[in-house]
Amino acid sequence: MDLHSAPFLLLGILLLGGLVGGEAVRRLFNLPRTTGYVLTGIAAGPSGLGWVAPDVLQSAQFFVYLAIGVILFELGHRLPMPGRGLDRRLLGLSLADINGTFLAVGAVMLALGFGIGGALFAAAVAVSTSPAITIATTSDVGADGPATERLFALVAFNNCAAFVALAVALPILPLEGLTASLAGHAPPVAYVAGSLALGTALAAMACQGARWLGPQPEHQHLLLLGLICIGAGLPLGVQMSPLLTLLSLGVATRWMDVRGDVVGLRISSDARVFLVITFVLAGAALEIGLIVAHWREVAAFALARIAGRMLALRAAAGPLGVDAREAHWLGIGLLPKSSIALVLLGNAGPLSGDVGERLANVLLGAIALMQLVGPICTQMCSRGLGEARRLKGADPVTWMLARLPRRNG
């Protein structure tokens with residue numbers, strides 16, 4: 001039977017395969033379930049059995065965008081309440097992390113010959129951290145506490161900065177011949193301001209609707225899903241950023257909802273099916289061969305991202321009065337990349353020319369690499385911060401080292 005002609009059968013196989021893969025890697029290797037989801041997608045995609053064709057991935061974008069919308073809403077909705085104010089130390093860490101990552105990756109990509117536009121674009125993508133991996137993995141290991149809250153806040157700040165940086169970088173790409181002209185693309189200021197305004201307006205609707213509906217999760221979740229769909233779809237037709245709109249929707253809802261009327265939507269429990277689909281399809285979209293074909297540039301990108309992030313956080317920790325050990329683990333927790341980065345890459349349209357195609361391949365290879373190791377980084381971060389309450393046994397690295405053959409004597 002041709003699975004391409006039976007989409008519901010294929011969807012069922014992917015869901016069950018993701019479920020089995022996630023549980024298998026958790027029970028056998030103590031790895032995050034998200035790793036199993038991604039590996040299932042790789043096995044079913046072009047790099048494996050070829051069950052998930054490119055046209056299937058394209059038609060499944062609705063599910064992916066809806067899942068990303070729920071993820072970004074939840075990420076924004078996890079930020080501290082207004083009464084607690086902004087932690088200046090946390091803001092300082094975030095600025096150091098963003099600047100360190102952006103400058104390190106931008107310099108390396110410029111040295112590799114990708115031009116100013118390509119370097120800025122790659123640096124904007126590098127700043128982002130996968131909220132899906134962070135939410136799913138911390139939920140699975142039961143991570144909860146002040147350090148985990150700080151991790152979520154840093155992920156939110158990072159993505160917000162990445163979305164704004166992308167708005168600045170996108171108009172430069174056509175000028176350097178890296179992509180076709182982005183006709184009608186709004187100026188960066190209008191692009192960002194419009195997205196924030198739309199997200200805030202949708203948040204006001206969410207708060208008002210929650211008061212009207214009362215504390216009924218089933219009805220409030222329907223309201224939130226409808227607003228998330230609008231936040232994902234409307235910006236595409238009016239030259240705004242759906243990602244920035246959805247993140248601001250979550251943040252503004254949390255800050256406007258002073259009385260706590262809104263019943264939050266959690267993708268790790270209330271909408272887990274979208275989370276599994278997102279990871280499986282993201283795995284199917286990965287082209288593992290790109291890591292091998294462009295391993296030098298991929299390694300340079302990944303190492304610059306890691307080094308810039310870790311060094312900046314360690315350097316800022318002392319002056320800000322932050323524990324160096326916590327800064328170290330937070331840096332590891334900020335390494336994952338996933339579907340958000342793929343969407344950021346897709347916002348530029350088809351990258352053309354020799355440099356443009358090479359840039360796209362390098363970024364896709366780097367995203368694939370960081371998506372494979374990202375869940376492990378988040379799990380290690382939660383353990384290192386001491387807040388992984390449901391994680392038993394050794395971490396994956398220790399687990400593997402313990403099983404290596406030992407030499408006598």
Side-chain angles (χ1 to χ4, degrees), residues 57-79 124 128 131-132 156 159-171 179-213 219-257 261-267 270-271 274-275 277-278 281 339-349:
L57 290 172
Q58 188 64 32
S59 62
Q61 290 303 303
F62 168 78
F63 293 101
V64 174
Y65 256 100
L66 181 57
I68 289 175
V70 177
I71 290 165
L72 288 175
F73 173 83
E74 179 177 349
L75 178 65
H77 203 247
R78 283 175 176 262
L79 289 182
S128 68
N159 281 293
C160 186
F163 302 158
V164 173
L166 187 73
V168 177
L170 281 178
T179 188
S181 176
L182 301 174
H185 190 276
V189 175
Y191 186 80
V192 172
S195 303
L196 295 176
L198 178 58
T200 303
L202 293 174
M205 295 174 63
C207 294
Q208 187 62 40
R211 296 189 194 101
W212 178 62
L213 291 170
H219 299 304
Q220 286 208 28
H221 290 172
L222 182 61
L223 166 70
L224 293 176
L225 283 173
L227 293 174
I228 287 170
C229 287
I230 294 174
L234 182 58
L236 296 175
V238 292
Q239 295 303 322
M240 296 179 190
S241 167
L243 300 178
L244 190 56
T245 298
L246 293 165
L247 181 58
S248 62
L249 166 60
V251 174
T253 300
R254 179 66 183 266
W255 284 65
M256 289 181 180
D257 185 29
D261 296 310
V262 177
V263 179
L265 182 63
R266 297 289 181 256
I267 195 166
D270 303 322
F274 291 112
L275 189 67
I277 290 175
T278 299
L281 292 178
S339 49
I340 292 288
L342 291 172
V343 172
L344 291 176
L345 182 57
N347 285 345

* To do: Can you measure from CG (L166) to OH (Y191) and round to the nearest 0.5 angstrom?
  => 6.0 Å

* Structure fact -> Heavy atoms of G231 and T245 approach each other most closely as O-CG2, 3.8 Å

* Structure fact -> Shortest non-hydrogen pair, A156 vs L75, comes out as CA-CD2, 3.8 Å

* **Reported CG-to-OG distance for the pair L247 and S241, which is rounded to 0.5 angstrom** => 9.0 Å

* side-chain contact (heavy atoms from CB on, under 4.5 Å) involving L225 - partner list, sequence neighbours excluded -> L66, V70, L265

* If you look at every heavy atom in S195 and M240, which pair is closest and at what distance? -> OG-CB, 3.4 Å

* Over all atoms of both residues, closest heavy-atom pair of V192 and A167 -> CG2-CB, 4.0 Å

* Asked: Going from CD1 on I68 to CD1 on I340, what distance comes out if it is rounded to the nearest 0.5 angstrom?
  -> 4.5 Å

* Asked: Got L243 and L72 here, is their nearest side-chain heavy-atom distance under 4.5 Å?
  -> yes

* To do: Would you check if L275 and I71 make a side-chain contact, meaning some heavy-atom pair closer than 4.5 Å?
  => yes

* Who passes side-chain contact (heavy atoms from CB on, under 4.5 Å) against A210, sequence neighbours left out? -> Q220, D261, V262

* **Side chain proximity check, F163 to L246, heavy atoms < 4.5 angstrom** => no

* How far does CG of L249 sit from CG of L244, to the nearest 0.5 angstrom? -> 11.5 Å

* To do: Calculate, to the nearest 0.5 Å, the distance between atoms CG and SG belonging to L202 and C229 respectively.
  => 11.5 Å

* Any Q208 side-chain heavy atom under 4.5 Å of M256 side chain -> no

* Spacing of CD1 belonging to I228 relative to CD belonging to E74, to within rounding of 0.5 Å -> 9.5 Å

* Asked: Under the 3.5 angstrom rule, does the side chain of H221 hit a backbone N or O of G264 as a donor-acceptor pair?
  -> yes

* Structure fact -> Hits for side-chain contact (heavy atoms from CB on, under 4.5 Å) against T278, two or more places apart or cross-chain, chain-then-number order -> A67, S339

